[in-house]
Amino acid sequence: MFLNLIKDAIKSLGEYGDEKFIKESEYADLATTIAFKIAKEKNLNSKEVANEIVDKITPIGYIGKIESVGGYINLFANYEFLEDTIDVILSDNNYGALGLSGNVLIEHTSANPDGPLHIGHIRNSIIGDTLTRIFIKAGFNVRTHYYINDMGRQMAITVLGVEKFGLPDKKPDHAIADAYISANKLLESEPELEKKVEELMLKYEKLDEETAKKFRSAIDKAMDGIKETMKKLNVEHDEFVWESDFIRSGYVEKILKLLDSKNLIKKEKAWIIELEGFDKEVVIRRENGTSLYVTRDLAYHLWKSENFDRMINVWGADHKLYGAQLLKLLEILGIKRPEIVFFEFVSLPEGRMSTRRGKFISADELIDKVKEEAKKIITNREFSAEEIERIAEAVAIGAIRFDFLKVAPEKPMIFDMSKALDFERQTASYIQYTYSRACSILRKSDEEPEFSSELCEKPERELVILLSKMPFYVYRVVNEVRPNLFAEYMLSLASKFNEFYRDYPVLKAEDELRRNRIAIVSAVSKVLKIGLELMGIPVIEKM
RNA sequence: GGGCCCGUGGCUCAGCCAGGACAGAGCGCCGGCCUUCUAAGCCGGAAAUCGCGGGUUCAAAUCCCGCCGGGUCCGCCA
């Protein structure tokens with residue numbers, strides 16, 4: 001809806017309707033700074049320019065009023081816009097949809113199957129999964145992948161660990177981590193085992209069936225546990241793609257031929273590519289004839305590009321250089337390139353995490369602790385044991401997802417367990433609570449909503465304008481690939497509704513005023529619900 | 001050493017890409033509001049050299065240059 005308002009603003013402004021200078025504003029529904037630009041170019045007074053522009057133009061469509069204030073040109077929506085906004089929200093069961101189309105692949109999480117997901121991995125999952133939900137809402141046909149790095153050294157070490165130490169009886173991904181950690185320790189004291197690791201890797205790449213069985217068994221166990229964790233977090237993948245598949249499918253061969261056909265490869269003992277703009281050359285084939293991660297990843301991206309219009313990878317910032325090299329290689333090969341969302345590390349107050357050294361907080365541990373804490377808060381309320389369980393779960397998952405989501409991906413995070421458990425500062429439960437407040441009103445009212453914009457006072461009007469912005473934020477996330485923007489929006493909506501809640505009693509109001517407010521509450525509850533779902537945060541009617 | 005990212009009240013963050021109207025939230029602190037729709041709420045207050053120093057501009061948290069602090073990368077690893 002807000003997108004229509006922007007369109008009409010552009011139309012109204014005519015030759016001055018440059019979208020780049022039109023912004024959201026706290027003084028108006030939209031504002032443009034175009035007069036400043038023109039004033040500068042022509043060396044004029046910006047106020048006068050703004051005045052002249054406003055005199056020249058007339059409001060079109062949803063724009064009701066245009067005024068000039070100190071060089072700014074402020075635009076306001078008319079009543080019709082408010083009416084239509086509420087109408088659309090109440091009647092459209094897919095509010096926020098943009099009707100965009102195309103096939104999009106989102107690859108995220110893709111943690112090595114050598115242990116459970118830790119709190120760094122789930123930053124990836126939460127960004128990736130939220131993007132997925134928002135892209136689907138926008139209308140794209142989205143498929144999600146978890147790329148399983150089954151061919152790495154760390155997998156060979158894991159297999160070695162399972163052989164030497166067996167697996168303890170615990171959640172399978174945690175058991176695998178034990179084996180992996182023990183094997184790493186063993187390797188430190190017995191470096192000659194290194195040969196054994198290399199041998200395993202070589203055999204696996206040569207598709208030796210006996211070795212493959214061992215790898216698959218270990219990986220399946222780890223993945224079972226990882227999937228269970230992701231499920232708890234409302235994170236879902238359509239497919240789990242194994243790195244080694246691209247050797248079997250011939251895509252690795254294909255990519256090598258393609259590189260060769262461009263005369264890029266320097267064939268010494270190993271095959272090497274020198275990349276312009278990079279200090280280091282890229283090795284794509286080892287001396288012993290086996291492939292490397294980048295080779296297989298190129299193959300994977302070749303496959304992606306054949307099947308999708310848009311590809312998004314959610315990667316840790318430690319892959320930035322690698323990502324740049326990959327993009328460069330794809331560019332040279334004329335293969336459509338992915339968009340990469342890099343997120344910075346989550347570290348602990350005592351330093352960075354390491355699965356190998358057993359220094360990490362697992363997602364499972366975090367979920368359990370946050371849930372316990374949430375339970376403490378609700379036990380003294382009038383809920384049954386089942387309800388407590390359900391609400392605590394919803395609040396915990398919401399708190400965790402929102403905590404990660406609201407931070408811009410490029411910001412490094414230092415994880416503090418005491419803060420994660422502090423529900424005073426949990427903003428997800430604030431949104432959930434706001435929703436349940438709205439539900440509570442609606443439960444007690446049996447009247448039909450009937451919105452009339454003339455009855456709206458200023459704060460109510462502002463609330464409706466905020467409601468109209470939901471699709472706009474879907475649009476922004478899809479374009480800018482910054483899901484934290486949506487978290488911010490949801491917070492402002494919840495806050496605005498809570499103001500309304502205090503000042504504008506619904507059930508106490510009468511007749512058309514009551515019906516009008518019921519319409520507003522209905523619309524708010526609907527948008528809050530859709531918004532929470534887009535963030536993968538459980539929606540609860542009571543808490 | 002070089003590349004990239006981050007540095008905003010005591011704490012955690014938004015805003016920076018596309019420069020503009022008093023730098024916004026939350027936590028914590030101080031003071032108010034439950035005989036009225038769920039107080040996990042609301043209102044008010046104190047608290048900020050937007051890391052530092054230059055520059056561009058009528059206008060800089062935002063753009064440019066230099067520096068400082070933190071992180072990260074620079075494997076025939078993945």
Side-chain angles (χ1 to χ4, degrees), chain A residues 18-21 23 25-28 31 33 35-37 39-40 43 45-46 69-72 74 110 112 114 149-155 201 243 268-272 278-280 282-294 296-297 316-324 342-345 347 351-352 374 377-378 381 395 403 406-414 416 419 422-434 436-445 480 482 484-485 487-488 491-492 494-495 498-499 501-509 517 521 542-543:
Chain A
D18 188 338
E19 195 168 3
K20 256 169 55 177
F21 299 110
K23 326 202 158 181
S25 164
E26 48 184 308
Y27 303 95
T33 54
F36 292 105
K37 297 285 161 193
K40 178 171 185 157
N43 203 15
N45 178 291
S46 53
V69 181
Y72 291 89
N74 289 337
S110 305
N112 291 333
D114 53 17
N149 303 139
D150 59 329
M151 300 192 65
R153 214 181 100 82
Q154 82 289 114
M155 251 359 274
M201 284 174 72
E243 193 183 345
E268 299 180 350
K269 285 176 182 171
W271 293 9
I272 290 164
F278 292 89
D279 295 337
K280 292 278 176 178
V282 178
V283 178
I284 52 153
R285 209 181 103 146
R286 288 195 188 86
E287 194 174 340
N288 70 10
T290 56
S291 63
L292 285 107
Y293 183 75
V294 63
R296 295 166 229 136
D297 209 14
D318 54 335
H319 285 66
K320 274 193 176 178
L321 174 61
Y322 171 77
F342 290 106
F343 65 93
E344 283 289 337
F345 269 55
S347 52
R352 88 178 266 189
I377 295 173
I378 40 178
R381 299 189 189 194
V395 166
D403 248 3
K406 71 182 179 196
V407 180
E410 69 273 14
K411 298 268 188 179
M413 292 177 80
I414 296 171
D416 184 336
K419 280 185 180 142
D422 178 4
F423 274 94
E424 288 305 315
R425 56 172 288 286
Q426 288 311 344
T427 34
S429 46
Y430 174 74
I431 302 171
Q432 288 169 316
Y433 177 70
T434 306
S436 56
R437 274 181 135 184
C439 288
S440 176
I441 294 175
L442 296 176
R443 265 197 303 275
K444 290 172 185 167
S445 78
E480 302 172 37
R482 286 194 296 161
N484 56 304
L485 294 173
E488 200 67 22
L491 228 35
S492 61
S495 175
N498 280 321
E499 271 177 52
Y501 184 93
R502 180 206 49 199
D503 293 329
Y504 300 93
V506 178
L507 302 178
K508 286 221 147 188
R517 289 182 186 164
V521 176
K542 287 182 188 174
M543 65 184 282

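All figures in this text were calculated on a predicted structure; none of them were measured in a lab. The sequence lines fix the lettering, A, B, ..., with proteins before strands; numbering per chain opens at 1.
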Grab the N/O contacts between the protein and nucleotides 24-33 of chain B below 3.5 Å, and write none if there aren't any.
none

Heavy-atom count check: over 12 atoms from other residues, nucleotides or ligands less than 6.0 Å from A/E19 CD? no
Integer angstrom distance from the C1' of B/G15 to that of B/G24:
8 Å
Has the side chain of A/Y322 got a donor or acceptor atom sitting under 3.5 Å from an opposite partner on the base of B/C74? no
Nearest-Å distance once atom C1' is located in both B/U49 and B/G44 | 27 Å
Its glycosidic angle compared against 90° from 0, B/C34 adopts the form syn
Using atom P in both nucleotides, what's the gap between B/G1 and B/C67 to the nearest angstrom? 11 Å
Start with the C-alpha gap between A/R153 and A/D114, add the side-chain angles, then the distance that decides, and say whether salt bridge (charged side-chain N to carboxylate O under 4.0 Å, His left out) holds.
-> CA-CA 10 Å; A/R153 214 181 100 82; A/D114 53 17; over 6 Å; no
Under 3.5 Å donor-acceptor pair, A/N74 side-chain atoms to B/A21 base atoms
yes
A/K40 has its side chain closest, among B/C37, B/A59, B/A78, to B/A59
Check your understanding: Looking across every strand, which nucleic acid part, if any, lies under 4.0 Å from A/N484 by heavy atom: base, sugar-phosphate, or nothing?
Key -> sugar-phosphate
- Reckon A/A31 touches a base, only the sugar-phosphate, or nothing at all at heavy-atom distances under 4.0 Å? base
Check: protein-nucleotides 70-72 of chain B nitrogen or oxygen pairs below 3.5 Å:
none

For B/G45 versus B/G2, give the span between their P atoms, rounded off to a whole number of Å.
-> 49 Å
Scanning all shown strands, the Watson-Crick or wobble mate of B/C67 with both distances under 3.5 Å is B/G51
- Message: Counting the atoms with a prime plus P, OP1 and OP2 as sugar-phosphate, which does A/R296 contact under 4.0 Å by heavy atoms, base, sugar-phosphate, or nothing?
- Response: sugar-phosphate
Using Watson-Crick geometry (N1-N3 plus N6-O4 or O6-N4) or G-U wobble (N1-O2, O6-N3), each under 3.5 Å, B/G24 is paired with B/C13
query: What nucleic acid atoms does A/D279 come within less than 4.0 Å of, heavy atoms only: base, sugar-phosphate, or nothing?
result: nothing
Here the distance between atom P of B/C76 and atom CD1 of A/I284, to the nearest Å, is 13 Å
So what does A/K280 hit on the nucleic acid, given a heavy-atom distance under 4.0 Å: a base, only sugar-phosphate, or nothing?
sugar-phosphate
- With C1' as the reference atom in both, quote the distance from B/C4 to B/A48 in angstrom, rounded to an integer. 29 Å
Quiz item: Looking across every strand, which nucleic acid part, if any, lies under 4.0 Å from A/M155 by heavy atom: base, sugar-phosphate, or nothing?
Solution: nothing
When A/A28 and A/G152 are each assigned the nearest nucleotide of RNA chain B, the 5'-most assignment goes to A/A28
Ignoring hydrogens and angles, answer whether the base of B/A21 and the side-chain atoms of A/S25 contain a donor-acceptor pair closer than 3.5 Å.
yes
- Message: Using a 4.0 Å heavy-atom cut-off, does A/F21 contact any base of the nucleic acid, only the sugar-phosphate backbone, or nothing at all?
- Response: nothing
Q) Any luck finding a side-chain donor-acceptor pair between A/N149 and A/R296 under 3.5 Å? A) no
Exercise for the section: Determine the Euclidean distance between corresponding C1' atoms of B/U36 and B/A18; express it in Å to zero decimal places. Expected result: 48 Å
Hey, does the side chain of A/R286 reach the backbone of A/S291 with a donor-acceptor pair shorter than 3.5 angstrom? yes
Legend entry - Interatomic distance at C1', B/A47 relative to B/G10, whole Å: 9 Å
Here the distance between atom P of B/G19 and atom CG of A/D18, to the nearest Å, is 11 Å
B/C29 -> Watson-Crick or G-U wobble partner, both distances under 3.5 Å, gives B/G45
- prompt: Just checking A/T434: base, sugar-phosphate only, or nothing, at a heavy-atom cut-off of under 4.0 Å?
  reply: nothing
_side-chain N/O A/R502 vs B/U38 OP1/OP2, d < 4.0 Å_ = no
_Contact under 4.0 Å: A/Y433 side-chain N or O vs B/A40 OP1/OP2_ = yes
Taking only the side-chain nitrogens and oxygens of A/R437, find out if one of them lies under 4.0 Å from OP1 or OP2 of B/A39. yes
- What distance, rounded to whole Å, do you find between the two C1' atoms, one in B/G19 and one in B/G32? 40 Å
Sorted by position of nearest nucleotide on RNA chain B, 5' first, the leading residue of A/N288 and A/P409 is A/P409
